[in-house]
Amino acid sequence: MRRAAVLGTGSCLPERVLTNAELEQMVETSDEWITARTGIRSRRIAGPDEQNYQLATRAARRALEAAGVTADELGLIIVATISPHMLMPSCACFVQAELGAAKAFAFDLNAACSGFLYGLDVAAKYIVADPNMKVLVIGSETLSARVDWDDRNTCILFGDGAGACVVGGAEGRGIIDSCLLSDGSLWNLLYMDSPASTNPDLLDPKSKGCVIQMSGRDVFKYAVRAMEDVVRQLLERQQLAVQDISLIIPHQANIRILDNLAERLGAVPEQIFCNVNKYGNTSAASIPIALDEAVREGRLHRGGKLLLCSFGGGFTWGSMLLDW
Ligand code: ACO
C-alpha cells in the first residue's frame with residue numbers, strides 16, 4: 001500500500017549555546033531550579049545570520065540531501081512557525097526563494113508547538129491526492145526574539161532551531177493515522193500578541209509587547225492530559241498497545257511533561273526520545289529536530305512504529321502514527 005512517508009530529515013541549530021549558568025546572571029534563577037523543574041540545561045540562540053528562514057533553509061537542504069530529492073522536484077513547502085522572519089511574506093516563501101524551488105507553492109502554518117505535526121498531516125493529504133508530489137515540511141523558530149528576557153517564568157524555557165522533512169509517496173511504509181485537535185477557548189493560558197494587533201493592552205506603557213505570556217501550571221496540566229488522551233485515541237483506533245511502539249517523539253517542552261506522559265501511558269524510558277536538555281523548547285521545531293537526531297542516532301528502523309505527539313498554544317494538540 002502506498003502512503004505518505006518521510007523520505008529524509010535534516011536540522012539546523014544556531015551556534016550560540018546559552019547555559020543555565022549564564023541565565024543565573026540575567027534573572028533571579030539557578031541552574032538547580034531550572035534543571036529540576038524543566039530538565040533544560042542549555043538552549044541555542046540565533047545570531048544575525050541565523051534568521052528563521054536561514055535556519056529553515058539549512059535544515060531543508062540537509063533533508064533534501066538525505067532524501068535524494070532536488071529542490072526542483074518540490075511541489076509544496078510548508079513552514080510551521082510562530083516566530084516568522086516577517087508577517088508577510090511567509091517564511092516558506094523565503095525558503096522557496098533560497099532553495100530555488102521554482103515549482104513549489106509555499107505557505108506558513110501557525111499551530112504553535114503542534115505546527116510541525118499539523119504540517120505533516122497537511123502534506124500527507126496532498127500526497128494522497130497526488131502520489132508523485134514531494135512536500136517539504138519544516139518547523140523553524142527564533143523564539144529568543146519573542147521572549148521577555150526579564151521574565152524568569154518563561155525566558156528559561158525556550159530556544160531557537162529548525163528541523164525539516166521531505167515527504168513523498170512510498171510503498172509499504174509511512175503515515176498510518178493521525179488525530180489533531182484544538183481548543184481556542186483556552187487561548188489566554190499561552191499566547192503572544194502580534195505587532196499589528198488592535199489589542200488595547202499593547203498601548204499600555206507597561207506592556208512588554210509581543211512576547212510569550214504563559215500560565216505555566218495550567219499549561220502543564222493540560223499538556224500532559226491532552227497528549228495522553230490523543231495518543232490513547234490513536235492507539236485504540238489502530239488496535240495497538242503502547243508496547244507496540246518502537247519510539248515516541250513528543251514535543252520537547254520539558255522533562256517533567258515527558259516523564260508524566262510516559263508514566264501515564266505505561267511507556268518505558270527507552271521508548272521516549274528526549275533532547276530537551278540541550279535545546280529547551282523550540283516550539284514547532286522541536287519534533288523535527290528530535291526526529292532528525294533519532295534518525296542520525298540510529299534509533300529508528302524499517303518496520304518499527306513511530307509515534308509523534310504534541311501540545312501547544314491555541315490550544316492545539318495531536319498525535320500521528322507512522323510505519324518507519
Ligand atoms: N527560577 C527560580 N524560580 C522561579 C523561576 C525560575 N526560573 N520561575 C518561577 N519561579 C518561582 C515562581 O516565582 C514561584 O515562586 P513563589 O512560590 O515565590 O511565587 C515558584 O518558582 C513556583 O512557581 P510555579 O510557576 O508554580 O512553578 P512550577 O513548579 O509550576 O514550574 C514551570 C514552572 C517549569 C514553568 C512549569 O509550570 C511548567 O513546566 N509548565 C509547562 C510550561 C511549558 O512547558 N510551556 C511551554 C509552552 S507549552 C508547551 O510547549 C507544551
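Scope of the values below: all heavy atoms of this structure, side chains included, with no hydrogens, waters or symmetry mates. Both ligands and their constituent atoms are indexed starting at 1 by order of listing. Counting from 1, the numbers follow the sequence of the chain as shown.
To the nearest 0.5 Å, the span separating CE on M320 from CG on L234 amounts to 9.0 Å.
Grouped by direct or indirect side-chain proximity (heavy atoms under 4.5 Å, Ile/Leu/Val/Met/Phe/Trp/Tyr only), M88 sits alone.
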Are any protein N/O atoms closer than 3.5 Å to the N/O atoms of ligand 1? If there are, list each pair with names and the distance to one decimal place.
from	atom 1	to	atom 2	distance (Å)
ligand 1	1 (N)	T29	OG1	2.7
ligand 1	3 (N)	W33	NE1	3.4
ligand 1	3 (N)	R152	NH1	3.4
ligand 1	7 (N)	T29	OG1	3.1
ligand 1	7 (N)	R152	O	3.0
ligand 1	13 (O)	R152	NH2	2.9
ligand 1	26 (O)	R217	NE	2.7
ligand 1	26 (O)	R217	NH2	3.1
ligand 1	27 (O)	R37	NH1	3.2
ligand 1	29 (O)	R37	NH1	2.5
ligand 1	30 (O)	R217	NE	3.3
ligand 1	37 (O)	G216	O	3.3
ligand 1	39 (O)	N254	ND2	2.5
ligand 1	40 (N)	G216	O	2.9
ligand 1	50 (O)	H251	NE2	2.8
ligand 1	50 (O)	N281	ND2	2.9

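Inspection of the R43 and N20 side chains reveals an N or O donor paired with an N or O acceptor under 3.5 Å.
Salt bridge status for R232 with E228: present, with a side-chain N to carboxylate O gap under 4.0 Å. A salt bridge between R3 and D323 is present, with a side-chain N of the basic residue lying under 4.0 Å from a carboxylate O of the acidic one.
With ring centers used as reference points, F105 lies under 6.0 Å from Y126.
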